[in-house]
Amino acid sequence: MTRHLLDITDLERDELELVLDLARRPVEALNQPLAASGVALLFEKPSNRTRHSMEMAVVQLGGHPVYTRGEEVGIDSREPAEDVMRIMEGYHAMVAARVFSHSVVVRMAAVASVPVVNMLSDRSHPLQALADLLTMTREFGSMHERVVTWVGDYNNVARSLGEACALLGSELRFACPDGYGPDPAEVERLTALGAARVLSERDPTAMVRGAHAVHTDTWVSMGQESDSEKRRRVFADYTVDASLMGVGAADAIFMHCLPAYRGYEVTAEVIDGPRSRVIAQGHDRMHAARGLLAFLAGVR
Ligand code: CP
Ligand code: NVA
């Protein structure tokens, strides 16, 4: 069966551990499983980290990345996603896509005979969650019963992070305004995945108290720009600042997938301060991508 990574839950817990293990191995130990192969990288949205980390991961595995912007391929405008996929699998060992609608990567995977990788959709951002685990496990060792707090919008990045940390047995806490957090069914789903505990409340101080890692993201994700004024009002009390970090564990770290908007979801003092791990986290994107692609290429 062809394996895909559309969501973190496409991996079993032991497979997630294996991907992280592959990501930590030296490049040379992976033996270039993509030698003489192409990997298509399709982007319907802008990117810095995802494009560069995926291109370099493909190169480190011996393959050749082919980057294309969405408007050039025209998924569902120039031709249906299924036709795009059926053609690309004739050229490439894997196809990765950053899309507006998650249903597009689902439809591509449904007809694909090569792995499809979700490089961010409106639903999830699994490559980011893999990198986040690399950064946090370097810091904490095991994720088991570590307290991971998400402040702000329960968005694509939050959902994938929640799934990843749940699979590894962390305690998850979400501090989100009404209507922007995980609903009870989602809390139950994350609990069933293996989280030590899942809490969701409006109050950021209550959710950050004692936390080991505090994560946030932009209040306005790509595709939500027309809503930005309203969102800035809704999230106004959800800025991660020094006083909020101060109620976390004594050695609590701050994380953000980037790009960040200083003065909105996080203050400059926090993101540019000693607790911030955002640059290491960004660099971990390449190692995570390499581990995932090696896994999909069959390296064990
Ligand atoms: N974190 C992340 O996905 O960054 P880019 O949008 O720059 O790829
Ligand atoms: N939630 C953000 C993440 C950017 C990497 C977005 O979807 O725009």
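Numbering of ligands and ligand atoms starts at 1, following listing order. All values reported here derive from a predicted model rather than from experimental measurement.
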(request) Can you tell me which residue pairs pass the side-chain hydrogen bond (donor to acceptor under 3.5 Å, both in side chains) test with a partner in residues 232-246, sequence neighbours excluded? (result) Asp241-Ser243
How close does the nearest protein non-hydrogen atom get to [atom], and which residue and atom is it?
atom: atom 7 (O) of ligand 1; result: Asn48 N, 2.6 Å
atom: atom 4 (O) of ligand 1; result: Arg49 NE, 2.8 Å
atom: atom 2 (C) of ligand 1; result: Arg285 NH1, 3.3 Å

Let me have the donor-acceptor pairs involving side chains of residues 20-36, under 3.5 Å, with sequence neighbours excluded, atom names and distances please.
unit_1	atom_1	unit_2	atom_2	d
Asp21	OD2	Arg25	NE	3.3
Asp21	OD2	Arg25	NH2	2.7
Arg24	NH2	Thr137	OG1	3.1
Arg25	NH1	Arg300	O	3.4
Gln32	NE2	Gln60	O	3.4

(message) Checking contacts here: is it the side chain or the backbone of Lys45 that comes within 4.0 Å of ligand 1, counting heavy atoms only? Could be both or neither.
(response)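 No part of Lys45 is near ligand 1 at this cut-off.
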(request) Would you kindly specify which portion of Met54 sits under 4.0 Å from ligand 1, judged on non-hydrogen atoms: side chain, backbone, both or neither? (result) neither
(request) Look at the aromatic rings of Tyr180 and Phe235 and report parallel, tilted or perpendicular, splitting at 30° and 60°. (result) perpendicular
Any side-chain donor near an acceptor of the partner, [X] and [Y], under 3.5 Å:
X: Asp217; Y: Asn155; result: yes
X: Thr216; Y: Glu265; result: no
X: Ser124; Y: Asn118; result: yes
X: Thr135; Y: Asp284; result: yes
X: Ser200; Y: Arg173; result: no

(request) Using the side-chain contact (heavy atoms from CB on, under 4.5 Å) rule, pick out the option among Met136, Arg146, Glu139, Met143 that qualifies with His212. (result)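 That would be Arg146; it is the only one of Met136, Arg146, Glu139, Met143 passing the side-chain contact (heavy atoms from CB on, under 4.5 Å) with His212.
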Which of the numbered atoms in ligand 1 are under 4.0 angstrom from any heavy atom belonging to [X]?
X: Leu258; result: 1 (N), 2 (C), 4 (O)
X: Arg98; result: 3 (O), 5 (P), 6 (O), 8 (O)
X: Cys257; result: 1 (N)
X: His125; result: 2 (C), 3 (O)

What do you reckon, does [X] have a nitrogen or oxygen under 3.5 Å from a nitrogen or oxygen of ligand 1?
X: Leu120; answer: no
X: Met222; answer: no
X: Gln128; answer: yes

Kindly print each ligand 2 N/O atom paired with any protein N/O atom under 3.5 angstrom away, one pair per line, or none if nothing qualifies.
unit_1	atom_1	unit_2	atom_2	d
ligand 2	1 (N)	Asn155	ND2	3.3
ligand 2	1 (N)	Asn156	OD1	2.9
ligand 2	1 (N)	Asp217	OD2	2.7
ligand 2	1 (N)	Ser221	OG	2.7
ligand 2	7 (O)	Asn156	ND2	2.8
ligand 2	7 (O)	Ser221	OG	3.4
ligand 2	8 (O)	Met222	N	2.7

(message) I'd like to know if Arg69 and Glu72 make a salt bridge, using a cut-off of under 4.0 Å between side-chain N and carboxylate O.
(response) no
(message) Against the six-membered ring of Phe254, is Arg277 placed for a cation-pi contact (under 6.0 Å from the centre, within 45° of the normal)?
(response)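 Pair Arg277/Phe254 does not count as cation-pi.
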(message) Taking side chain to side chain donor-acceptor pair (under 3.5 Å) as the definition, give me every residue that meets it alongside Arg197, ordered by chain and number, with sequence neighbours left out.
(response) Glu171
